[in-house]
S.K.: 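Before I ask anything, here is the structure I am working with.
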Amino acid sequence: MKVAGLFAGIGGLEAGFAESGHEAALLCEVWAPARRVLLHRFPTVAVASDVRELAHLPGDVDLVTAGFPCQDLSQAGTTAGIDGDRSSLVSQVFRLLDERRVPWVVLENVSFMLQLQRGRAMRRLVHAFEARGYRWAYRVVNTLAFLPQRRERVLFVATTGDVDPADVLFADDAAPRLPETDLAARAHGFYWTEGIRGLGWAPDAIPTLKNGSTVGIPSPPAIMLADGPVVTPAIEDAERLQGFEAGWTAPAAEVARASLRWSLVGNAISVPVARWLGRRLARPGSHDAGRDRPFPHRSAWPRAARFDGERGHAVDIGAFPTWEPRPPLADFLEHDVKLLSLRATQGFYARTLRSSLRFPPGFRERLRAHIDAMEERERTGRYVVRLSAAA
């Protein structure tokens with residue numbers, strides 16, 4: 001299919017779709033650093049800047065993609081909802097569809113939208129598509145199915161054609177092979193910026209990459225290695241943890257602070273998720289109607305659902321369409337890591353002591369050992385982690 005990518009970011013959806021045989025005909029992205037990446041990575045594709053100024057879509061486009069802004073729908077954002085200044089820009093998708101009803105549409109956003117304001121955002125979207133004669137299906141998909149990053153996103157597929165979107169989204173389901181926490185045996189990713197009300201934590205993986213600050217303050221995760229050090233990954237490995245090649249966002253540094261690359265990566269759609277979806281769009285499978293359940297109308301929206309043209313159904317399916325082999329997290333990292341700074345570790349450790357959260361056994365002790373090693377490094381220039389039996 002020919003694709004028009006709105007709110008394209010750094011092209012995660014479009015890169016994955018290209019690997020599946022689809023071709024971008026138009027990209028649109030308002031943020032200059034992201035647009036510079038698109039111009040470099042998709043040199044033959046027209047790149048527009050502001051979706052509000054886009055008069056119409058190219059006449060040969062079969063599929064519109066839109067990873068529309070999540071800031072108002074995210075648990076870490078403003079939670080203003082679908083009417084917020086940023087997320088309400090999804091209305092531009094429907095303006096363009098009213099000008100020409102493109103047969104396929106793919107939306108992507110954070111899974112928190114299913115429960116925020118009792119799913120008001122989803123209700124707005126499905127009503128808009130149904131009013132225009134589209135059937136739809138959506139599903140929460142986890143990047144952990146493909147890569148060592150725990151990242152849940154809603155994929156929403158709508159169509160006016162004969163293919164049931166349920167045959168695209170629900171044809172694949174796999175049992176994940178999730179490791180248990182074992183600090184002595186494997187690396188564990190966590191967010192050192194948290195610690196009072198929550199802890200982003202992932203055995204042999206990292207938690208969801210954050211988008212950091214729009215002024216360029218990065219927010220990389222920490223990784224506690226099995227032999228004791230607490231490190232943060234390089235931006236190149238963060239790109240790889242999203243499925244991009246290392247250096248994908250480097251062109252952004254030509255027009256903005258290099259640290260903004262963390263925001264670009266954190267905002268992106270994981271490439272292998274898009275590749276899987278692109279392959280299913282090209283070769284649909286079949287939805288097992290035995291997975292259908294009654295649609296709940298008075299609670300948060302289900303994690304997967306479909307509309308068959310007459311009524312909605314919840315769908316009993318997991319967030320893992322596949323489980324692809326991957327090396328342990330410590331072996332996945334290919335670029336130089338940085339030790340989590342003494343100040344950052346001390347601040348996080350202090351927050352864990354004030355928190356009522358339950359942390360994995362030995363976690364605080366390993367943080368303390370890292371602090372001791374960093375203090376010794378400041379005194380002697382040597383970094384040596386001394387783990388006690390309890391850690």
Side-chain angles (χ1 to χ4, degrees), residues 1 3-7 13 17 22 57 61-68 70 73 82 87-98 100-141 152-173 269 273-274 276-278 280-282 284-289 291-297 299-317 319 321:
M1 287 189 270
V3 181
L6 310 180
F7 312 101
L13 259 177
F17 279 12
H22 308 292
L57 298 168
V61 163
D62 312 291
L63 167 64
V64 173
T65 63
F68 65 100
C70 69
L73 301 172
I82 193 70
S87 296
S88 63
L89 289 172
V90 71
S91 64
Q92 298 298 321
V93 175
F94 298 109
R95 174 182 65 80
L96 292 166
L97 292 178
D98 288 339
R100 186 170 79 83
R101 196 173 70 154
V102 177
W104 286 91
V105 183
V106 170
L107 305 182
E108 182 269 358
N109 217 291
V110 294
S111 59
F112 188 65
M113 69 184 292
L114 299 177
Q115 55 184 291
L116 178 64
Q117 300 173 333
R118 292 192 174 184
R120 181 179 179 183
M122 288 301 298
R123 192 173 302 109
R124 180 79 60 84
L125 293 177
V126 302
H127 287 172
F129 278 109
E130 289 172 19
R132 291 165 174 81
Y134 285 81
R135 288 184 294 167
W136 55 261
Y138 73 83
R139 177 183 182 180
V140 173
V141 174
E152 290 193 335
R153 290 296 185 267
V154 175
L155 298 180
F156 186 104
V157 177
T159 184
T160 59
D162 295 332
V163 176
D164 190 333
D167 292 337
V168 173
L169 279 180
F170 306 140
D172 304 307
D173 191 31
I269 298 169
V273 172
W276 163 76
L277 178 57
R280 273 301 176 204
L281 285 164
S286 112
H287 165 57
D288 177 4
R291 294 180 181 269
D292 289 351
R293 300 290 183 268
F295 197 93
H297 291 284
S299 61
W301 283 57
R303 288 168 60 84
R306 69 186 188 97
F307 174 69
D308 61 14
E310 296 183 0
R311 61 193 180 111
H313 310 265
V315 177
D316 183 11
I317 197 167

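Bear in mind that the values here come from a model prediction, so they are computed numbers and not experimental data.
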S.K.: Check whether any side-chain heavy atom of R280 lies under 4.5 Å from a side-chain heavy atom of L169, and answer yes or no.
M.R.: no
S.K.: One pair to check against side-chain contact (heavy atoms from CB on, under 4.5 Å): L107 and L125. What are the steps and the verdict?
M.R.: CA-CA 10 Å; L107 305 182; L125 293 177; 4.1 Å; yes
S.K.: Do F156 and V126 have side chains that approach each other closer than 4.5 Å (heavy atoms only, starting at C-beta)?
M.R.: yes
S.K.: Here's a test for you: under salt bridge (Lys or Arg N to Asp or Glu O under 4.0 Å), which of R293, R303, R306 qualifies with D316?
M.R.: R293
S.K.: Looking only at heavy atoms, what is the nearest atom pair of P294 and A314, with distance?
M.R.: O-CB, 3.7 Å
S.K.: What are the two closest heavy atoms between R132 and D98, and how far apart are they?
M.R.: NE-OD1, 2.7 Å
S.K.: Check W276 against D172 and note the closest heavy-atom contact, atom names and distance.
M.R.: NE1-OD2, 2.8 Å
S.K.: Can you tell if the side chain of W136 reaches within under 4.5 Å of the side chain of E130, non-hydrogen atoms only?
M.R.: yes
S.K.: Which pair of heavy atoms, one from A66 and one from F7, lies closest together, and at what distance?
M.R.: CB-CD1, 3.9 Å
S.K.: Using side chain to side chain donor-acceptor pair (under 3.5 Å), reason through H287 and D292 one step at a time and then give a plain yes or no.
M.R.: CA-CA 9 Å; H287 165 57; D292 289 351; 2.8 Å; yes
S.K.: Search all heavy atoms of A304 against all heavy atoms of I317 and return the closest pair with its distance.
M.R.: CB-CG2, 3.6 Å
S.K.: Taking all atoms of both residues into account, what is the closest heavy-atom pair of G67 and I269, and its distance?
M.R.: CA-CD1, 4.3 Å
S.K.: Measuring only between side-chain heavy atoms, which start at C-beta, is W301 closer than 4.5 Å to R123?
M.R.: yes
S.K.: Would you call V273 and E108 a side-chain contact if the rule is heavy atoms closer than 4.5 Å?
M.R.: no
S.K.: Please determine whether salt bridge (charged side-chain N to carboxylate O under 4.0 Å, His left out) holds for the pair D173 and R139, giving the CA-CA distance in whole Å, both sets of side-chain angles, and the decisive distance to 0.1 Å.
M.R.: CA-CA 11 Å; D173 191 31; R139 177 183 182 180; 3.5 Å; yes
S.K.: Do the non-hydrogen side-chain atoms of V90 and R124 ever get within less than 4.5 Å of each other?
M.R.: no
S.K.: Testing Y138, F307, W104, F94 for ring pair (Phe, Tyr, Trp, His ring centres under 6.0 Å) with F129, which one passes?
M.R.: F94
S.K.: With side chains defined as the heavy atoms from C-beta onward, is the minimum distance between L281 and V106 less than 4.5 Å?
M.R.: yes
S.K.: Is it the case that more than 12 heavy atoms not belonging to D162 sit under 6.0 Å from its CG atom?
M.R.: no
S.K.: Using side-chain heavy atoms (C-beta onward) and a distance below 4.5 Å, is L277 in contact with V157?
M.R.: yes
